[in-house]
Protein chains: 2
Amino acid sequence: MRILKYAILGLLRKGELSGYDITNYFKEELGQFWSAKHSQIYPELKKLTDEGFIEFRTAIQGTRLEKKMYTLTESGEQELHAWLTKKDPIPETVKDEFMLKAYFISSLTQEEAVDLFTDQLLKRQLKLSDLQHSYNELIESLDQPISFSSPDFGHYLVLTKALEREKNYVTWLEDILAVMKNQQ
Amino acid sequence: MRILKYAILGLLRKGELSGYDITNYFKEELGQFWSAKHSQIYPELKKLTDEGFIEFRTAIQGTRLEKKMYTLTESGEQELHAWLTKKDPIPETVKDEFMLKAYFISSLTQEEAVDLFTDQLLKRQLKLSDLQHSYNELIESLDQPISFSSPDFGHYLVLTKALEREKNYVTWLEDILAVMKNQQ
DNA sequence: AAGTTCATGTAAGACGTTACATGATTTC
DNA sequence: GAAATCATGTAACGTCTTACATGAACTT
């Protein structure tokens, strides 16, 4: 698969970035759907350079601090485009440790289960509220209604998807808690 | 983390299973939220046995075929319960290759993007329909309305959650496709 | 008898996280 | 001057997938 490879090529599509910049992108909205640590990113940048998909120039930050600014090669652009247009099967499993626990709920008392689900609900509500805030900021920054050609369309896609995902989690948790609290 | 460890302990909570049985559970509804290949399961069973969380007896299938039937030890039950009641932070990243592509949508033409999203929509609709079918079967098999004490409550939880997840994906894809098809 | 399923294992390699390691720059 | 951030790398370890390997039992 080497999905990190494509994540890096994709991030470089708009211009040059350092490994540090790439690391930071994974801490922002993109991190909702993909991420990697710098210890994985730096070796991957080396590999992509060796393979000819990216290249770098050395820039100086301040007076002495060296950083490598990477850009896509033409071969890298082609590789990115081939991946972007490829239609993959949807994954059978999307791992979720909380849902694994939920499957084993028969090993908990009703009180323990309500406690676990209530904790999850609170955490999901908090995350939802953060995402709602980011979404509002994005919408307010637009001077036109969002459309395919908006420069922020990718940003809009990941934010709305993450938002819907969390809304859906919260609603499901609320519904299940209502069922669980019913007298048996 | 060693989540597979807990997945195995959890599956063994209701009685003895072979490694092969465990492999099959990951192909059913639980596989929506956790799975592992047999090549990962057999070594983990060995490790859990060495650690004293599970034990096995050798059973004979047919006349000669040996299989190992595993059960939880008391220590294993405690370990499972401790994990089940532990409240973890929610993960920052839930990886989704399609959403990674979505973030890079500015590198596609409108036609390519509509094509990619339409393909995803079709696949998600198909999966939704399968899940809806499994859900209907489960509901019809119940002789009482679902509740915390139903033996199938865990099954109900994973099925409803997977169903809502796919419904949510489909709705979002339809909404985005409508935006993308708008005249610029 | 052939094909599928049942059943268990190991080996190699890819992917991912935590920790180790270093040093410059900026902000308070 | 101290702390946080910028910046890049490696090492060790854990997780996960694909492939290799074998043989019994059941179904057609």
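So that the names make sense, note that chain A is the first sequence line, chain B the second, and so on, each numbered from 1. As a basis for the values below, the full set of heavy atoms in this structure was taken, side chains included, without hydrogen atoms, waters or symmetry mates.
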Q: Kindly point out which of D:dA7, D:dT15, C:dT18 is positioned nearest to the side chain of A:Asp21?
A: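 Per side-chain heavy atoms of A:Asp21, the pick is D:dA7.
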Q: How about B:Tyr20 and B:Tyr42: are their ring centres within less than 6.0 Å of each other?
A: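 Judged by ring-centre distance (under 6.0 Å), B:Tyr20 and B:Tyr42 do not meet the cut-off.
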Q: Between C:dT10, D:dG9, C:dC15, which nucleotide gets closest to the side-chain atoms of A:Arg2?
A: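 The nucleotide sitting nearest to the side chain is C:dC15.
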Q: Could you tell me whether the phosphate oxygens of D:dG23, OP1 or OP2, come under 4.0 Å of any side-chain nitrogen or oxygen in B:Arg64?
A: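 It does not, given that no N or O in the side chain of B:Arg64 lies less than 4.0 Å from OP1 or OP2 of D:dG23.
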Q: Quick one: list whatever passes salt bridge (charged side-chain N to carboxylate O under 4.0 Å, His left out) with A:Lys101, sequence neighbours left out.
A: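 Counting only residues at least two positions away or on another chain, A:Lys101 forms a salt bridge (charged side-chain N to carboxylate O under 4.0 Å, His left out) with B:Asp88.
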Q: Has the side chain of A:Ser39 got a donor or acceptor that lies under 3.5 Å from a partner of the other kind on the base of C:dT18?
A: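 Donor-acceptor pair under 3.5 Å: yes.
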Q: In whole angstroms, how far is the P atom of C:dT5 from the NZ atom of B:Lys67?
A: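 Spelled out: NZ on B:Lys67 to P on C:dT5 is 17 Å.
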Q: Would you mind telling me which of D:dG23, D:dC16, D:dC6 lies closest to the side-chain atoms of A:Leu65?
A: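 Closest nucleotide to the A:Leu65 side chain: D:dC6.
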Q: Would you call the rings of A:Tyr156 and A:Tyr135 parallel, tilted or perpendicular, where under 30° means parallel and over 60° means perpendicular?
A: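 Rings of A:Tyr156 and A:Tyr135: tilted, as their planes differ by 30° to 60°.
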Q: Given atom CD1 of A:Ile60 and atom P of C:dG23, what is their separation to the nearest angstrom?
A: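 These atoms are roughly 17 Å apart.
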Q: With a 4.0 Å cut-off on heavy atoms, is A:Lys95 in touch with a base, just the backbone sugar-phosphate, or nothing at all?
A: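 The answer is sugar-phosphate, as A:Lys95 gets under 4.0 Å only of primed atoms, P, OP1 or OP2.
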Q: Using distance alone, with no hydrogens and no angle criterion, decide if B:Glu29 and A:Tyr103 have a side-chain donor and acceptor under 3.5 Å apart.
A: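 Distance-only check passes for B:Glu29 and A:Tyr103.
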Q: Of all the choices, D:dT17, C:dT8, C:dC15, which nucleotide is nearest to the side chain of B:Gln40 once you look at every atom?
A: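 From the listed options, D:dT17 comes nearest.
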Q: Rounded to the nearest angstrom, tell me the gap between atom CG in B:Asn24 and atom C1' in C:dT4.
A: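 For the pair B:Asn24 CG and C:dT4 C1', the rounded distance is 13 Å.
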Q: Is A:Lys95 atom NZ crowded by more than 12 heavy atoms from other residues, nucleotides or ligands, each under 6.0 Å away?
A: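 Yes.
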Q: Rounded to the nearest angstrom, tell me the gap between atom CZ in A:Arg57 and atom P in D:dA7.
A: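 Answer to the nearest Å: 12 Å.
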Q: Without decimals, in angstroms, what is the distance between A:Tyr20 OH and C:dT25 C1'?
A: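 After rounding, the reported distance stands at 11 Å.
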Q: Please tell me which of the listed nucleotides, C:dG16, C:dA7, D:dG9, lies nearest to the side chain of A:His38?
A: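 My answer, after comparing the listed nucleotides, is D:dG9.
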Q: Quick one: is A:Gln61 getting a side-chain N or O under 4.0 Å of the D:dA7 phosphate, OP1 or OP2?
A: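 Yes, A:Gln61 has a side-chain N/O under 4.0 Å of OP1/OP2 on D:dA7.
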Q: So A:Lys46, base contact, sugar-phosphate only, or nothing? Heavy-atom distance under 4.0 Å.
A: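 Nothing: the residue A:Lys46, judged by heavy atoms under 4.0 Å, touches no strand.
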Q: Pick the closest DNA chain C nucleotide for A:Ser35 and for B:Pro43 by heavy atoms, then say which residue is nearer the 5' end.
A: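 The residue closer to the strand's 5' end, by nearest nucleotide, is B:Pro43.
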Q: In whole angstrom, what separates B:Lys37's NZ from D:dA21's C1'?
A: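 From B:Lys37 NZ to D:dA21 C1': 18 Å.
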Q: Out of C:dT10, D:dA25, C:dT25, which has the shortest distance to the side chain of A:Thr63?
A: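 The answer is C:dT25, which lies nearest to the side chain.
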Q: Using whole Å, report how far CD of A:Glu44 lies from P of C:dC15.
A: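 It works out to 8 Å between those atoms.
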Q: Atom NZ of A:Lys47 to atom P of C:dC15: distance rounded to whole Å?
A: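 Going from NZ in A:Lys47 over to P in C:dC15 covers 7 Å.
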